[in-house]
Amino acid sequence: MNDFFTSEEKKELFSLYRHLMQSAGDSISWKDCQKLKNHLIKAAQYNGLQRNNFGMNPVIKDLQTAVIVAEEIGMKGSCLIGIMLHEIVKTHILSIDEVSVEYGEDVASIIKGLVKTNELYAKSPAIESENFRNLLLSFAEDMRVILIMIADRVNVMRQIKDTGNEEDRIKVANEAAYLYAPLAHKLGLYKLKSELEDLSLKYTQRDTYYFIKDKLNETKASRDKYIAAFIEPIKKKVTEAGLKFDIKGRTKSIHSIWNKIQKQKTPFEGIYDLFAIRIILDSEPDPAKEKQECWQVYSIVTDMYQPNPKRLRDWLSIPKSNGYESLHITVMGPEGKWVEVQIRTRRMDEIAERGLAAHWRYKGIKGETGLDEWLTSVREALENADNDSMKMMDQFKMDLYEDEVFVFTPKGDLFKLAKGATVLDFAFHIHSKLGCKCIGAKVNGKNVQLKQKLNSGDQVEIMTSNTQTPKQDWLNIVTTSKARTKIRQALKEMVARQHDFAKETLERKFKNRKLEYDEATMMRLIKRLGFKNVTEFYQKIADGALDVNEILDKYVEQQKRDNDTRDEIVYRSAEGYNLQAVQEETTSKEDVLVIDQNLKGLEFKLAKCCNPIYGDDVFGFVTVSGGIKIHRADCPNANQMRERFGYRIVKARWAGKSEGTQYPITLRVVGHDDIGIVTNITSIISKENGITLRSIGIDSNDGLFSGTLTVMVGDTGRLEALIKKLRTIKGVKQVSRN
């Protein structure tokens, strides 16, 4: 046997092995135990192992990590075998193929993941940003690998107190704070996260760490006494209220106290919230009841101690984005000291302490993303003692981001896109304006076209031109729905701007020729000219294919034609009236309106005061000029017309089917001024068949917005369906028809 293992390490090797086998229980078979023992003996006899900068024996280090994984994270079976064999495979004592045969593919997969992630880490070990954490996650094919890496770093941080040189210790401590603590936090390993932060402070700012630690020890007795005195009357009152609860005082971590000292620029004595009182209610997991009981306790505490209204944090009404729910108040306790009190239920506390894991335990509460759902499942498997975690974990084996790629901007910002995304997808992902002006990109320093597909790790610099505008064929280049939606929206906005310009030009010519513009007459002219819709007509004007002066001449002709074919209408006194209709031959597919005694074919106009459309309850009003105007039954002028000119009112109803004709309708929308709400509104309208958006106007004030939308719609059925969908948009409070 060689001298690589000291006699103490040999004893520790088998002591750790026995410890691990007890923790693993029946998650590792007796047969695998024997094989592991033999492989560890081979490792102890092998001469090719290498210690790290701190002189740690790699096999011993892996066994220590395995103990943390088993006892503090809760993973068993394949994970423990993978950790114990990791160094043995790296030093070729055992091949990965032999591992597959002897221990199964799952163990081999974990070892492959550890090797692959270690290689990535070796290339760029200490990038101090969220980007590297996300990239590390993306390269881990199995999340268990990341959990093992965190446990390994906790182990190293515990062991390096008196070993290695100062520079290496500080480097490892910085990495723990920048990389591994945030990863632990993201995965819900809050206890390990706090330990990593405290140990990092201990190695990087030793004097600060021990100064705070000593101060906490000095004040512990008086702090405990104060907490007991503060809690006692609250306990009594909450018990009298008939609520079941736990109440405790918790001293904050050294690292969090140091953060407060820095942020508040105050000495240790100036930090008043060294501890927090937490009241945890045993409420039923019913949202309404939970909130009610939390506010009931709030009332009890604030009746007893004077609250600081500026320090109220209500995460009950609106939880944090990570799911955190709690009520935080700061009150004036005995001796004039400010005390933070946290009020929450058992369910809220579990979510706050254990993160994603707790969401899974309560019905209907899951993470919003695939990653979150996967992690909740993993945590559930790890923490449920009734399950064989090895078998459970097998279900979750996956390439975490197999359908996604990660790309960087030149500044180092990281973006996640769907696999197969192109340069144009990336441009629109960053911002619509950037996408609309995009002409290509530099990918890893080389010029590429819009359609170039991106790969994980690419650095992408978008190139733009002020003369560039979105093209219809861009829809064939992009692969993400986000980019496709933005391109369609941009194209629609371009067309709308062209149409508005064309319409303004037309209306200006009308004013110059002193002609009155009538929407109904113009609609009939557009149909007579052979256009399928108004959009096509205005597009031709915008393109210069139609001469505006010629259109005006044809409009005058249309007016003459309309007047010549107007039905003869005779009406008598207030006692009664007769309507005689002369039917005109027409091939028009306009909606049929039955007026009075089943008369059809009468000329009528739709009143602009209420804009009736097919399907509305309507009535006719005989005008002085002898025509009939159709009003909605709920028209704001209806009562006045009935009172003053009741003899001119005629019955009217729609008949047949609504075919082809579209009517302008104005909708009023009120809601919260949220980012993207206008995009969501226009997106819904664009997806509706038979509905066209003509104009939109938005006015924002004090976090609220009110907008008016003018849409072209065929009948009330389509209109009601549109209003119903608009009301479902997040942030929209009210949608009404003008």
Side-chain angles (χ1 to χ4, degrees), residues 190-191 194 212-254 256-257 259-261 263-264 266-320 324-354 358:
Y190 301 112
K191 185 185 170 194
S194 289
I212 296 171
K213 187 177 181 183
D214 292 343
K215 284 283 187 184
L216 286 173
N217 289 336
E218 285 170 23
T219 56
K220 186 178 187 305
S222 61
R223 193 166 60 248
D224 290 347
K225 187 178 177 183
Y226 185 89
I227 289 171
F230 182 90
I231 284 174
E232 194 56 39
I234 298 176
K235 270 186 179 178
K236 187 180 175 186
K237 287 284 186 184
V238 177
T239 304
E240 285 172 5
L243 298 172
K244 292 180 180 178
F245 65 98
D246 284 335
I247 185 166
K248 58 189 177 185
R250 180 183 61 86
T251 302
K252 295 187 176 178
S253 73
I254 294 173
S256 65
I257 292 170
N259 272 345
K260 284 185 179 293
I261 289 172
K263 284 179 184 175
Q264 297 174 15
T266 183
F268 177 87
E269 288 73 18
I271 303 293
Y272 62 80
D273 52 351
L274 291 173
F275 61 89
I277 304 297
R278 186 171 296 165
I279 302 169
I280 302 166
L281 296 163
D282 286 320
S283 299
E284 293 174 21
D286 170 61
K289 192 167 183 184
E290 284 183 305
K291 286 180 187 176
Q292 179 192 338
E293 291 185 358
C294 285
W295 283 110
Q296 188 179 348
V297 172
Y298 166 84
S299 179
I300 290 169
V301 174
T302 52
D303 282 347
M304 199 173 299
Y305 299 114
Q306 177 67 36
N308 180 346
K310 291 181 181 178
R311 298 282 298 167
L312 172 65
R313 299 290 180 266
D314 174 15
W315 288 303
L316 288 182
S317 306
I318 305 172
K320 286 186 180 182
Y324 181 87
E325 295 172 86
S326 192
L327 191 58
H328 291 198
I329 53 174
T330 302
V331 297
M332 181 70 77
E335 304 169 27
K337 291 182 180 178
W338 289 109
V339 179
E340 182 185 303
V341 181
Q342 300 170 358
I343 304 167
R344 59 178 71 153
T345 64
R346 188 77 58 192
R347 177 187 68 81
M348 295 172 190
D349 187 60
E350 193 173 352
I351 290 168
E353 288 295 304
R354 302 166 70 172

Peer 1: Quick one, F275 and K252 - any side-chain contact, counting heavy atoms below 4.5 Å?
Peer 2: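 When only atoms from C-beta onward are counted, K252 and F275 do not touch, as no gap falls below 4.5 Å.
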Peer 1: Y305 vs F230 aromatic rings, parallel, tilted or perpendicular, using cut-offs 30° and 60°?
Peer 2: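 If you compare the ring of Y305 with that of F230, the planes turn out parallel.
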Peer 1: Any side-chain heavy-atom pair from D314 and W295 closer than 4.5 angstrom?
Peer 2: yes
Peer 1: So, for K291 and L316, which heavy atoms are closest and what is the spacing to 0.1 Å?
Peer 2: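 For K291 and L316, the tightest heavy-atom pair comes out as CE-O, 3.4 Å.
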Peer 1: For the atom pair CZ (F245) and CD1 (I280), what is the distance rounded to the nearest 0.5 Å?
Peer 2: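 The CZ atom of F245 sits 11.5 Å away from the CD1 atom of I280.
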Peer 1: What is the minimum heavy-atom distance between E325 and M348, and which atoms define it?
Peer 2: O-CB, 3.5 Å
Peer 1: When you compare the side chain of R223 with that of L216, does any pair of heavy atoms fall below 4.5 Å?
Peer 2: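 The answer is yes; the side chains approach within 4.5 Å.
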Peer 1: Between Y226 and E335, what is the shortest heavy-atom contact and its length?
Peer 2: CD1-OE2, 4.0 Å
Peer 1: To the closest 0.5 Å, what do you measure between CD1 (I343) and NE2 (H328)?
Peer 2: 9.5 Å
Peer 1: For I254 versus K213, what's the shortest heavy-atom pair and its separation?
Peer 2: CD1-CB, 3.9 Å
Peer 1: Answer yes or no: is there a side-chain heavy-atom contact under 4.5 Å between I212 and I261?
Peer 2: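 Sidechains of I261 and I212: in contact.
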Peer 1: So do L243 and D282 actually touch side chain to side chain, heavy atoms under 4.5 Å?
Peer 2: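 A side-chain contact under 4.5 Å is absent here.
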Peer 1: Measuring from I279:CD1 to Y298:OH, what's the distance to the nearest 0.5 Å?
Peer 2: 12.5 Å
Peer 1: List for me each residue that meets side chain to side chain donor-acceptor pair (under 3.5 Å) alongside T302, sequence neighbours excluded, and say none if there are none.
Peer 2: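 Once residues adjacent in sequence are excluded, T302 has no partner under the side chain to side chain donor-acceptor pair (under 3.5 Å) criterion.
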Peer 1: A241 and I300: which non-hydrogen atoms are nearest, and at how many Å?
Peer 2: CB-CD1, 4.0 Å
Peer 1: So, do R346 and D246 sit near enough that their side-chain heavy atoms are less than 4.5 Å apart?
Peer 2: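 Side-chain contact under 4.5 Å: yes.
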Peer 1: So with a 6.0 Å cut-off around CD of E284, is the heavy-atom count from everything else above 12?
Peer 2: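 Open: at most 12 neighbouring heavy atoms sit under 6.0 Å from CD of E284.
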Peer 1: How close do V331 and P307 get, counting heavy atoms only, and between which atoms?
Peer 2: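 What the structure gives for the nearest pair is CG1-CA, 3.9 Å.
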Peer 1: Run the salt bridge (charged side-chain N to carboxylate O under 4.0 Å, His left out) test on D349 and R278 for me, step by step, so that the C-alpha distance in whole Å, both residues' side-chain angles and the decisive distance to 0.1 Å come before the verdict.
Peer 2: CA-CA 9 Å; D349 187 60; R278 186 171 296 165; 3.5 Å; yes
Peer 1: Is the closest side-chain heavy-atom distance between K289 and T345 below 4.5 Å?
Peer 2: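 Side chain of K289 against side chain of T345, heavy atoms only: no contact under 4.5 Å found.
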